[in-house]
Amino acid sequence: MKPGFMDELGGPRTSVIAGAELAFRLAEAYPHRVPTPQELMDRWGMHRATAYRWVRTMKSARGQLTGEGNHG
């Protein structure tokens with residue numbers, strides 16, 4: 001069984017440290033595009049809602065959100 005994304009990051013730590021580390025790993029894994037939620041779920045073992053939050057965050061960081069109501 002594939003470990004969950006928190007296990008892959010080395011176990012529980014403060015959410016700020018784990019979140020920052022995951023952000024760097026995602027940016028490194030997807031330098032030229034934003035992954036789909038399904039890709040994040042498959043590769044990192046994320047739950048669906050978490051994957052959608054990361055996709056939205058990556059789009060926001062890359063200036064790809066077009067408005068407040070954008071959900072994908």
Side-chain angles (χ1 to χ4, degrees):
M1 177 181 216
K2 183 176 177 177
F5 78 98
M6 288 303 291
D7 295 328
E8 234 175 81
L9 292 176
R13 288 173 276 200
T14 67
S15 62
V16 172
I17 293 170
E21 184 173 341
L22 180 59
F24 286 121
R25 287 182 184 226
L26 290 174
E28 180 180 43
Y30 305 98
H32 303 293
R33 67 182 181 86
V34 175
T36 66
Q38 189 63 51
E39 288 175 309
L40 295 178
M41 290 164 44
D42 292 345
R43 181 171 178 180
W44 302 92
M46 292 182 188
H47 292 280
R48 186 172 187 262
T50 302
Y52 274 93
R53 283 192 292 271
W54 275 105
V55 167
R56 181 174 174 82
T57 299
M58 290 178 76
K59 285 182 177 182
S60 177
R62 294 177 181 189
Q64 297 177 0
L65 287 181
T66 59
E68 292 291 322
N70 189 329
H71 295 287

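The basis for the numbers below is simple: all heavy atoms, side chains too, and nothing from hydrogens, waters or symmetry mates.
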- Message: When you compare the side chain of Leu22 with that of Met46, does any pair of heavy atoms fall below 4.5 Å?
- Response: yes

- Message: When you compare the side chain of Val55 with that of Leu40, does any pair of heavy atoms fall below 4.5 Å?
- Response: yes

- Within-4.5 Å side-chain heavy-atom neighbours: Pro35 and Met58: yes

- Task: Compare every heavy atom of Trp54 with every heavy atom of Gly19, then report the nearest pair and how far apart it is.
- Result: O-CH2, 3.5 Å

- Task: Would you name the heavy atoms of Ala51 and Pro37 that are closest together and state the gap between them?
- Result: CB-O, 3.5 Å

- Task: State whether the side chain of Arg62 and the backbone N or O of Arg33 hold a donor-acceptor pair below 3.5 Å, judged by distance alone.
- Result: yes

- Taking only residues two or more places apart in sequence or in another chain, which ones pass side-chain hydrogen bond (donor to acceptor under 3.5 Å, both in side chains) with Arg48? none

- Task: May I ask you to test the Glu39-Tyr30 pair for a side-chain heavy-atom distance under 4.5 Å?
- Result: yes

